[in-house]
Amino acid sequence: MKKILFLIIFILVALGIFGFYRPASCNSSSKLEIQFFYSETCPHCVAEQKFLDGLAEKYPEVKINRYLITDQALQQLLKDLLKKHDAEEYLGLVPLTFVGEDFIPGFDNSQGIGKKIEESIQLQLE
């Protein structure tokens, strides 16, 4: 009985050491982040907040960071992201969404922007 227990423990340890077993929570390589800049008074932002809540349930491996545009501490982050995407002209506008490497300004699900966000997620998770 002790030999069988020892063998089982040995196999489990060996699998863990050699990487055959990795819990989903350890798979950080497929992690995707969304940077969402919004205003509390913007109706498009409110609609996108609800949309992103649905995406969070559908894609639990995606981390959604939400930033209130009036937070002065985040202005440099926003400026850097806009500069990276050659989109400085959007500074001061909301909502602004950065899905991994993609930049998606505005939100109106009837115009397909929600679909564009989800397609970006799907492509970057592949």
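Predicted model only: the values in this text are computed from it and were never measured.
Cluster annotation: Leu68 is not connected to Leu91 through the hydrophobic network of ILVMFWY side chains, with a link wherever side-chain heavy atoms come within less than 4.5 Å. Using a 4.5 Å cut-off between side-chain heavy atoms of Ile, Leu, Val, Met, Phe, Trp and Tyr, with links allowed through other members, Leu52 and Leu123 fall into different hydrophobic clusters.
Taking CG of Leu81 as the reference point, atom NZ of Lys83 lies at 12.5 Å (rounded to 0.5 Å). For the atom pair CG of Asp102 and CD of Glu119, the computed distance is 10.5 Å after rounding to the nearest 0.5 Å. Summarising the geometry, atom CD belonging to Glu101 is positioned 9.5 Å from atom CG belonging to Leu32; distances are rounded to the nearest 0.5 Å. Note that CG of Leu77 and CD of Gln75 are 9.5 Å apart. Values are rounded to the nearest 0.5 Å. With rounding to the nearest 0.5 Å, the separation of SG in Cys45 from NZ in Lys50 is 12.5 Å.
Side-chain contact between Leu78 and Ile69: present, with at least one pair of heavy atoms (C-beta onward) separated by less than 4.5 Å. Residues Gln35 and Arg66 fail the side-chain proximity criterion, which asks for heavy atoms closer than 4.5 Å. You'll find the side chain of Tyr38 stays beyond 4.5 Å of the side chain of Leu96, heavy atoms only. Counting heavy atoms from C-beta outward, Lys84 and Asp80 have side chains that stay 4.5 Å or more apart. Val46 is not listed as a side-chain neighbour of Glu48, based on a closest heavy-atom distance of 4.5 Å or more. Residues Phe51 and Asn109 are in side-chain contact: their nearest non-hydrogen atoms beyond the backbone lie under 4.5 Å apart. The side-chain heavy atoms of Lys63 and Ile34, taken from C-beta on, include no pair separated by under 4.5 Å. When side chains are defined from C-beta on, Val62 does not count as touching Glu33, because their heavy atoms never get closer than 4.5 Å.
Here the rule is side chain to side chain contact (heavy atoms under 4.5 Å, CB included) with Phe107, and of Pro43, Cys42, Pro95 only Pro95 fits it. The only option from Phe37, Phe98, Phe36 that meets the ring-ring contact (aromatic ring centres under 6.0 Å, His included) definition with Tyr67 turns out to be Phe37.
Closest approach of Val94 and Ser39 over heavy atoms only: CG2-CB, 3.8 Å. The two atoms that bring Gly106 and Ile113 nearest to each other are O-CG2, 3.6 Å, heavy atoms only. Across every non-hydrogen atom of Lys31 and Glu61, the tightest pair is CD-O, 3.2 Å. Between Ser120 and Ile104, the shortest heavy-atom distance links the atoms CB-CD1, 4.5 Å. Here the closest heavy-atom approach between residue Ser110 and residue Asp108 is recorded as OG-OD1, 2.7 Å.
Within 6.0 Å of atom NE2 in His85, more than 12 heavy atoms from other residues, nucleotides or ligands are found, so the atom counts as buried in its surroundings. Other residues, nucleotides and ligands contribute over 12 non-hydrogen atoms within 6.0 Å of the CD atom of Gln76. Other residues, nucleotides and ligands contribute over 12 non-hydrogen atoms within 6.0 Å of the CD atom of Gln122.
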